[in-house]
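Inspection log for the structure reproduced underneath, given as structure tokens.
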Amino acid sequence: LATLANLIVFLLLAWPELSGTGGHGETIIYLQNKSIFSIELASLISMSIPLFLNTRTGRKYLWITRIISACIMLAALVLLFMTEGRSGWLGLILAMLYILCTAMPPGRLKRICTASALLFFLGLLCLLYFYKLSSSHGRLLIYKVSLRMIEDNWLFGAGPGEFKIQYNKHQADFFSTRDINSREALLADHTVYAFNDYFQLMTEHGVIGFLLFLFALLALLRLLWYSLKRQSRRPEVTSAAASLLCIAAAAVFSYPLQIFPIIFQALVCLALINAHSGVAGQTIRFAHSLRRLPAPVLIAGALFAGAVSYCKYRHAWKSARAFELQRTGFKQQALKTYEELSNGPIPDGHVLYMYARELYNSNQLHAAAAVCERAKRYHSLNSLYKLSAQANSELKNFSEAGRDYRIAVYMVPNRMMNRYDLLEHYVAVRDTANILYWSKSIIGMPIKVPSPLTSNIQAKAKSILDQFEKPQ
């Protein structure tokens with residue numbers, strides 16, 4: 001029932017994007033893209049198959065379990081075809097192979113089928129790599145840049161949640177010493193996830209955190225082994241293990257463990273495994289130890305979690321309110337709300353950026369530049385650095401403006417407008433050498449999708465180049 005409820009909630013969040021009735025960003029609460037939704041669907045299907053195929057006799061209300069499982073499978077399978085998510089399909093196929101091998105009796109045939117399934121899975125992995133080659137190369141670029149982050153903080157990592165803050169800055173450093181007109185540069189984009197949860201874990205928590213993760217993984221495998229040994233034919237254990245395997249496989253190529261509904265699904269699976277983990281009359285249930293905790297400790301923990309959740313809810317509500325005020329023209333009320341949020345207990349880089357943008361539009365340049373510097377500690381999109389550059393440029397801080405314009409260019413090198421903004425800055429300060437360099441860079445820049453805008457920018461760059469190449 002919890003799994004079915006999770007599917008319904010996820011579907012409500014995903015429908016505007018899947019149906020085409022909403023624009024990009026409408027499902028920002030949990031659903032980041034269709035690939036993530038495909039992983040949730042695949043994990044639900046993996047969990048439902050063993051429950052649907054349950055042939056144990058003497059079980060009360062078995063028909064209800066089968067009906068619910070069939071509903072989940074059919075609904076999730078239809079939606080899975082709509083998502084075209086490679087990570088979801090990969091996790092589902094691996095889970096189905098696991099279910100097949102588990103259902104077979106021990107013996108030589110099972111070993112042969114297991115080996116064949118592994119070879120099939122590796123072949124499928126290669127096929128999916130070439131299915132969307134540009135996307136695969138883009139993820140390899142993310143891994144390459146992330147390795148530089150690990151080299152800088154290999155022992156303890158960059159810190160929890162720091163990947164989305166630090167990655168784009170490292171990508172700017174990466175391309176500042178390379179050809180930004182290369183094919184690799186065309187693949188770069190704003191990135192807040194490593195598209196590999198284990199790699200992101202290493203980036204944020206270093207070797208120490210990764211070793212702790214391995215320890216927890218071994219404990220989980222031990223728990224699963226006891227569960228399968230004691231209840232080898234129990235469909236609940238098989239379904240939970242299959243769903244976890246699906247999520248774990250997808251986490252190699254995406255970021256499901258960063259999304260709450262998928263984490264909830266994994267917790268449901270862990271609870272099912274934990275419920276059948278007793279062996280030889282003993283129990284290793286983790287939840288059993290909670291009974292020894294005094295009630296005040298549990299109540300205090302619940303109250304703290306509730307207070308944190310309330311603060312985050314209030315912050316999100318006020319952020320949405322401030323944006324609505326800004327959009328409808330109530331600039332002063334929006335500024336006041338953004339100021340309250342910026343001084344609140346929750347540091348939010350996006351809110352600080354929106355606050356700085358409102359200050360800039362209100363011609364409060366000094367305040368805007370100061371808020372931009374604060375936002376850079378929690379936010380690292382090129383739009384923030386462009387705003388900081390514009391504020392500093394109007395304040396005649398040309399050195400800081402040039403620095404921020406360059407960071408914006410190298411952060412996402414395939415954005416022509418960023419280069420043109422930098423070119424205009426050098427025209428304003430009459431830096432001839434950089435004017436010539438960036439004019440040629442814009443003219444020679446490869447374009448993925450030609451448009452009138454890019455043609456117009458290149459024409460302007462050529463005009464500037466002709467003007468400054470003429471002998472004075």
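Residue numbers run from 1 in the order of the sequence given.
Taking every heavy atom of both residues into account, Asn168 and Thr191 meet most closely at OD1-N, 3.2 Å.
Taking the side chain as every heavy atom from C-beta outward, Glu324 and Thr328 approach each other to under 4.5 Å. Inter-residue side-chain proximity for Leu325 and Gln332 is flagged as unmet; no heavy-atom pair is nearer than 4.5 Å. For the pair Ile39/Ser254, a side-chain contact is recorded, criterion being any heavy-atom separation below 4.5 Å from C-beta on. Looking at Ile45 and Ser48, their side chains never come closer than 4.5 Å, going by heavy atoms from C-beta outward. Side-chain contact check for Pro256 versus Glu40: every heavy-atom pair is 4.5 Å or farther apart. Side-chain contact between His190 and Arg415 is present, with at least one heavy-atom pair separated by less than 4.5 Å. Considering only heavy atoms from C-beta on, His315 comes within 4.5 Å of Ser319 through its side chain. By the 4.5 Å heavy-atom criterion applied to side chains, Asn181 and Ser441 are counted as neighbours.
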task = Please step through salt bridge (Lys or Arg N to Asp or Glu O under 4.0 Å) for the pair Lys169 and Asp173, ending with a clear verdict.
result = CA-CA 6 Å; Lys169 298 176 184 178; Asp173 292 338; over 6 Å; no

key: Intermediate values then yes/no, salt bridge (Lys or Arg N to Asp or Glu O under 4.0 Å), Glu400 and Arg403   = CA-CA 5 Å; Glu400 291 82 356; Arg403 176 203 62 196; 5.8 Å; no

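Taking CH2 of Trp438 as the start and NE2 of His425 as the end, the distance is 12.0 Å to the nearest 0.5 Å. Leu423 CG to Ser439 OG: the interatomic distance, rounded to the nearest 0.5 Å, is 4.0 Å. With rounding to the nearest 0.5 Å, the separation of CG in Asn153 from CZ in Arg148 is 13.0 Å. Going from atom CZ of Phe175 over to atom OG of Ser182 covers 6.0 Å, rounded to the nearest 0.5 Å. Between Ser239 atom OG and Leu44 atom CG the span is 11.5 Å, to the nearest 0.5 Å. A distance of 11.0 Å separates SG of Cys269 from CG of Leu245, quoted to the nearest 0.5 Å.
With Tyr338 as the fixed residue, the side chain to side chain donor-acceptor pair (under 3.5 Å) test singles out one of Gln326, Glu358, Arg357: Gln326. Just one residue in the list Asp421, Val409, Ile442, Leu453 forms a side-chain contact (heavy atoms from CB on, under 4.5 Å) with Met416, and that residue is Ile442. Here the rule is ring-ring contact (aromatic ring centres under 6.0 Å, His included) with Tyr143, and of Phe199, Tyr167, Tyr198 only Phe199 fits it.
The aromatic ring centres of Tyr405 and Tyr385 sit 6.0 Å or more apart.
Listed by first and then second residue, the side-chain hydrogen bond (donor to acceptor under 3.5 Å, both in side chains) pairs that reach into residues 154-163 are Glu162-Gln166, sequence neighbours excluded. For the side-chain hydrogen bond (donor to acceptor under 3.5 Å, both in side chains) condition, the pairs that include at least one residue of residues 363-375, sequence neighbours left out, are Glu373-Lys376.
Using bins of under 30°, 30° to 60° and over 60° for the plane-to-plane angle, the ring pair Tyr255/Phe195 lands in the perpendicular bin.
Remark: side-chain polar atoms of Gln200 are paired, donor with acceptor, to backbone N or O of Ala194 under 3.5 angstrom. At least one donor-acceptor pair closer than 3.5 Å links the side chain of Asn343 to the backbone N or O of Glu339.
A cation-pi arrangement is absent between Arg327 and Phe323, since the terminal nitrogen or guanidinium carbon is not both under 6.0 Å from the aromatic centre and inside a 45° cone about the axis.
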